[in-house]
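Here's the structure we're looking at; comments come further down.
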There are 2 protein chains.
Amino acid sequence: MPKATNQDLKKMLRDHELKATSQRIALLKLLNNTYKHFDAEELYLELHKRQKNVSRATIYRSLEALVDQELVNKLDFGDGRMRYECSRGGDDHHDHLICEQCGKIVEFLNIEIEAQQLAVCEENGFLPTTHTMYIFGICADCRNLESEPEIG
Amino acid sequence: MPKATNQDLKKMLRDHELKATSQRIALLKLLNNTYKHFDAEELYLELHKRQKNVSRATIYRSLEALVDQELVNKLDFGDGRMRYECSRGGDDHHDHLICEQCGKIVEFLNIEIEAQQLAVCEENGFLPTTHTMYIFGICADCRNLESEPEIG
DNA sequence: TGCGTAAATGAGAATCATTCTTATTTTCAT
DNA sequence: ATGAAAATAAGAATGATTCTCATTTACGCA
């Protein structure tokens, strides 16, 4: 898809009842144009690199607002800091494989798992709002490296 | 099952190459005899209530050792602090439903989900080590309360 | 187009869970 | 019983995130 223009992002914010500040536009642009899972500090540094001196407090506050509006997803990989990825429209739900060696993240969606989750909720009279599922392990690339013969 | 005696716990620790200190025994006893998901501060306060004045640092270090030895499971419900539950032997894997209203936790195991997770890993050449799955929502009890008629 | 107000921001202090440091105490093999 | 290696206590340090409050900005309305 084409990169979003500032006007697009401005509209996106206003459509979600968020004021279109330059800080939020810069943040959203970064998340939309770079397909990556950022943590707050990476966003802070990346914005400064681009001469957008957004404060850390604003980054956290803006991310919270964007997550509330489902423009951004917040991910918890269990290492003590949250990651953020842009949400790609209505039904972009997916889960993650996380390589413990190189940190690579692979997204996946398994219909059967999603269906079984709903079944479990139903059995328990539980009304689900969200769920998180992360599978940790060693990715294909890192496994190959491991089995590579030593360079003599 | 009968409550574990101090001797049982001592053996359990030594069987896992851990020195049997009074602090670790107290911690393990608490986790084994109370079927509950504790966070570190709750463990600290509970132990002090029982006249076992274990320091916070020791609680964290002991929990780390117990988790390494798979005597205890570490859970991340995404609210900024870790929870700990005793592991009930070899294959006690289970996932969690978490009520966002009352905090209640229901454990479940769904064979089909487990199988599909392995299938996803296989498709991606991914070697899984662990996974976490938490479903957040409103539990049956809280839903009933919500629909309860007002008391006039 | 300019104004006023409510909302957003910046800077750094505060918080909270967790980890680290160092002196002291304890465990346990011998 | 003894001593070396490991564990502990107490509180300082850390790191991610949230809060405070003075200042700035967005934007509906005139």
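Note on naming: letters A, B, ... go to the chains in the order of the sequence lines (proteins, then strands), and numbering restarts at 1 for each one.
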Look at the side-chain N and O atoms of B:S62 and state whether any lies under 4.0 Å from the OP1 or OP2 oxygen of D:dA7. no
note: B:H48, atom NE2; D:dA10, atom P; distance rounded to Å ~ 8 Å
Identify, between B:K19 and B:E64, the residue whose nearest nucleotide on DNA chain C lies closer to the 5' end. B:E64
What is the distance, rounded to the nearest whole Å, between atom CE of B:M82 and atom C1' of C:dA17? 9 Å
Nearest whole angstrom, please: distance from the P of D:dA16 to the CG of A:D39. 8 Å
With a 4.0 Å limit, can you tell me whether A:Q23 has a side-chain N or O closer than that to the phosphate oxygens OP1/OP2 of C:dG10? yes
Assign B:R24 to base, sugar-phosphate, or nothing according to its heavy-atom contacts below 4.0 angstrom with the strands shown. sugar-phosphate
Ignoring hydrogens and geometry beyond distance, is the side chain of B:R61 in donor-acceptor contact with the base of D:dA9 at under 3.5 Å? yes
Does OP1 or OP2 of D:dT18 have a side-chain N or O of A:Y60 closer than 4.0 Å? no
Please determine if a side-chain N or O atom of B:T58 lies less than 4.0 Å away from the OP1 or OP2 oxygen of D:dA9. yes
B:F77 ring center near B:H96 ring center (under 6.0 Å): yes
Nearest-nucleotide wise, let me know which of B:A40 and B:K10 is further upstream toward the 5' end of DNA chain C. B:A40
Quick check, are the ring centers of B:H93 and B:H131 under 6.0 angstrom apart? yes
Once you round it to whole Å, what is the distance between C1' of C:dT25 and CG of B:N53? 16 Å
Roughly, in whole Å, what's the span from CZ in B:R56 to P in D:dA7? 22 Å
Please report, rounded to the nearest Å, how far the C1' atom of C:dT15 is from the CD atom of B:E41. 13 Å
Using atom NZ of B:K52 as one end and atom P of D:dA7 as the other, report the distance to the nearest whole Å. 19 Å
Rounded off to whole Å, could you give me the CD-to-C1' distance for the B:E42 and C:dC16 pair? 15 Å
For D:dT8 and B:S55 - does any side-chain N or O of the residue sit under 4.0 Å from the phosphate oxygens OP1/OP2? no
Among C:dC28, D:dC19, D:dA10, which nucleotide sits nearest the side chain of A:A57? D:dC19
Is it true that a side-chain atom of B:H48 and a backbone atom of B:V54 form a donor plus acceptor pair closer than 3.5 Å? yes
State whether B:S22 places a side-chain N or O below 4.0 Å from either non-bridging phosphate oxygen (OP1 or OP2) of C:dT26. no
Around atom NZ of A:K11, are there more than 12 heavy atoms of other residues, nucleotides or ligands at under 6.0 Å? no
Verify, without hydrogens or angle tests, whether A:Y44 (side chain) and A:I59 (backbone) share a donor-acceptor contact under 3.5 angstrom. no
